[in-house]
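Please read the structure below before turning to the comments.
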Amino acid sequence: MPHHLMNLRHVPDDEADEIRALFEEHGVRYYETPPSRWGISMGGFWVHDADEAARAKALLDEYQRQRFQSQRQAYEQGLARGEIGGIGSMFRRYPLRTLAACLAIAAIAAISLLPFVRIG
């Protein structure tokens, strides 16, 4: 019976490529189903037997722990350099685009709430 190892929905291409390379490096006999274009099927990595699934899950757990640490470190370095931040940093970097987006959000909210305001 097939064992589902990992869902591929919302997985970046670089992460999927690294997992494929990890499985190839360790000789994991896996197969892959791609996610559908419309988001109906999730796609993923699969194996056929339980022993292979246990070995692959152990490899995936270690890989994901390392990836989390490296991504967290990259995020913290971006924060320290001022490249990543909230709305304040967006206003500093792209003032017109951020202001236009805020105005568009306010206009959409106003149009959406207008029927309810007129009722009262």
Side-chain angles (χ1 to χ4, degrees):
M1 177 173 207
H3 296 270
H4 187 246
L5 299 174
M6 182 178 172
N7 183 348
L8 284 178
R9 185 177 291 155
H10 306 298
V11 172
D13 291 337
D14 66 321
E15 183 176 359
D17 291 340
E18 289 173 358
I19 291 170
R20 287 183 197 100
L22 176 73
F23 285 163
E24 297 293 329
E25 177 184 337
H26 290 280
V28 174
R29 295 180 318 268
Y30 73 98
Y31 64 97
E32 179 179 347
T33 57
S36 72
R37 185 176 305 238
W38 310 109
I40 296 171
S41 66
M42 65 184 165
F45 292 113
W46 302 76
V47 294
H48 280 292
D49 83 15
D51 294 334
E52 193 79 1
R55 188 167 71 94
K57 285 183 182 183
L59 289 170
L60 271 175
D61 289 344
E62 177 62 22
Y63 166 77
Q64 288 176 340
R65 186 186 62 75
Q66 290 174 357
R67 178 151 174 113
F68 173 78
Q69 289 175 348
S70 67
Q71 293 297 309
R72 172 56 83 182
Q73 184 179 15
Y75 174 75
E76 289 173 358
Q77 288 173 353
L79 278 176
R81 289 190 304 261
E83 297 172 353
I84 300 173
I87 194 164
S89 68
M90 288 298 291
F91 267 117
R92 285 190 296 277
R93 290 175 68 191
Y94 309 106
L96 292 177
R97 184 169 67 178
T98 306
L99 182 62
C102 289
L103 290 174
I105 291 168
I108 291 170
I111 291 170
S112 299
L113 296 174
L114 189 62
F116 301 106
V117 172
R118 287 190 179 181
I119 291 174

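All of these numbers come straight from a predicted model, not from anything done at the bench. Heavy-atom basis, side chains included; hydrogens, waters and symmetry copies ignored.
Residues satisfying the side chain to side chain donor-acceptor pair (under 3.5 Å) test with D61, not counting sequence neighbours, are none.
In R29, the CZ atom is not crowded: 12 or fewer heavy atoms of neighbouring residues, nucleotides or ligands sit closer than 6.0 Å. Summarising the local packing, CZ of F68 is surrounded by 12 or fewer heavy atoms from other residues, nucleotides or ligands at distances under 6.0 Å. Within 6.0 Å of atom CG in D13, 12 or fewer heavy atoms from other residues, nucleotides or ligands are found, so the atom counts as exposed in its surroundings. The neighbour count for L103 CG, taken as heavy atoms of other residues, nucleotides or ligands under 6.0 Å away, is above 12.
Closest non-hydrogen pair, N7 versus H4, comes out as N-CE1, 3.4 Å. Minimum heavy-atom separation, I87 to C102: CD1-SG, 4.1 Å. Contact between S41 and P34 at its shortest, heavy atoms only, is OG-O, 4.2 Å. Across every non-hydrogen atom of V47 and V28, the tightest pair is CG1-CG1, 4.1 Å.
Side-chain contact between D14 and R67 is present, with heavy atoms from C-beta onward closer than 4.5 Å. Under the 4.5 Å side-chain criterion, counting only non-hydrogen atoms from C-beta, L5 is in contact with K57. Counting heavy atoms from C-beta outward, M6 and Q64 have side chains that approach closer than 4.5 Å.
Checking side-chain atoms of R20 against main-chain N and O of E32 turns up no donor-acceptor pair under 3.5 Å.
Residues M42 and L8 fall into different hydrophobic clusters, defined by Ile, Leu, Val, Met, Phe, Trp and Tyr side chains chained together at heavy-atom separations under 4.5 Å.
Sorted by first and then second residue, the side chain to side chain donor-acceptor pair (under 3.5 Å) pairs with a member in residues 86-98 form an empty list; sequence neighbours excluded.
No hydrogens or angles considered: nothing links the side chains of Q73 and Q69 as a donor-acceptor pair under 3.5 Å.
Ring planes of Y30 and F23: tilted class, angle from 30 to 60°.
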